[in-house]
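To start, the structure under review is shown below, and the notes come after it.
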Amino acid sequence: MAIVRRLHEAGITSEHAYAAAFGSIGLSLLSWIASMKAEQAGVERADRWGIFVGEWAPTFFGLGLALAGYEREAPTTTSKGRRSAWLDHPGDKTG
């Protein structure tokens, strides 16, 4: 939990981790396409690049879940003084 606390104190929120996860999914596709077009190594090499980058997504999703749990327990504001969008509920009037 010390790593999650330090990331939170550094200003990294669950939204950042989730954005990185979705970004890595897109980057996985782009790296696969780029490898297919730029290299003559064939589809096997492209698959390896796509899988390598695609494996980052679960790590970032897990980090996002850990940060979201920490944000729920920590004070309700982020380092910039606003609530996390993942913590907002339809009935909340703050934000």
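These numbers come from a predicted model, not from an experiment. Note that these values count all heavy atoms, side chains included, but never hydrogens, waters or copies made by symmetry.
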Which label fits Phe61 and Tyr18: parallel for a plane angle under 30°, tilted from 30 to 60°, or perpendicular past 60°? tilted
Identify the two heavy atoms, one from Ile25 and one from Ala57, that lie closest to each other, and give their separation to 0.1 Å. CG1-CB, 3.8 Å
Please report the closest heavy-atom contact between Thr13 and His16, naming both atoms and the distance. N-ND1, 2.8 Å
Could you measure the distance from the CD atom of Glu9 to the OH atom of Tyr70? Nearest 0.5 Å is fine. 5.5 Å
Working to the nearest 0.5 angstrom, can you tell me the gap between Leu7 CG and Leu63 CG? 5.5 Å
Is a donor on one side and an acceptor on the other found under 3.5 Å between the side chain of [X] and the backbone of [Y]?
| X | Y | value |
| --- | --- | --- |
| Glu71 | Ser14 | yes |
| Ser28 | Gly50 | yes |
| Ser31 | Leu27 | yes |

Under the criterion side chain to side chain contact (heavy atoms under 4.5 Å, CB included), I'd like the reasoning laid out for Leu67 against His8: C-alpha separation, chi angles, the key distance, then a yes or no. CA-CA 7 Å; Leu67 283 165; His8 180 75; 4.3 Å; yes
Verify the cluster assignment for Leu30 and Phe52: are they in a single hydrophobic cluster under the rule of side-chain heavy atoms below 4.5 Å apart? no
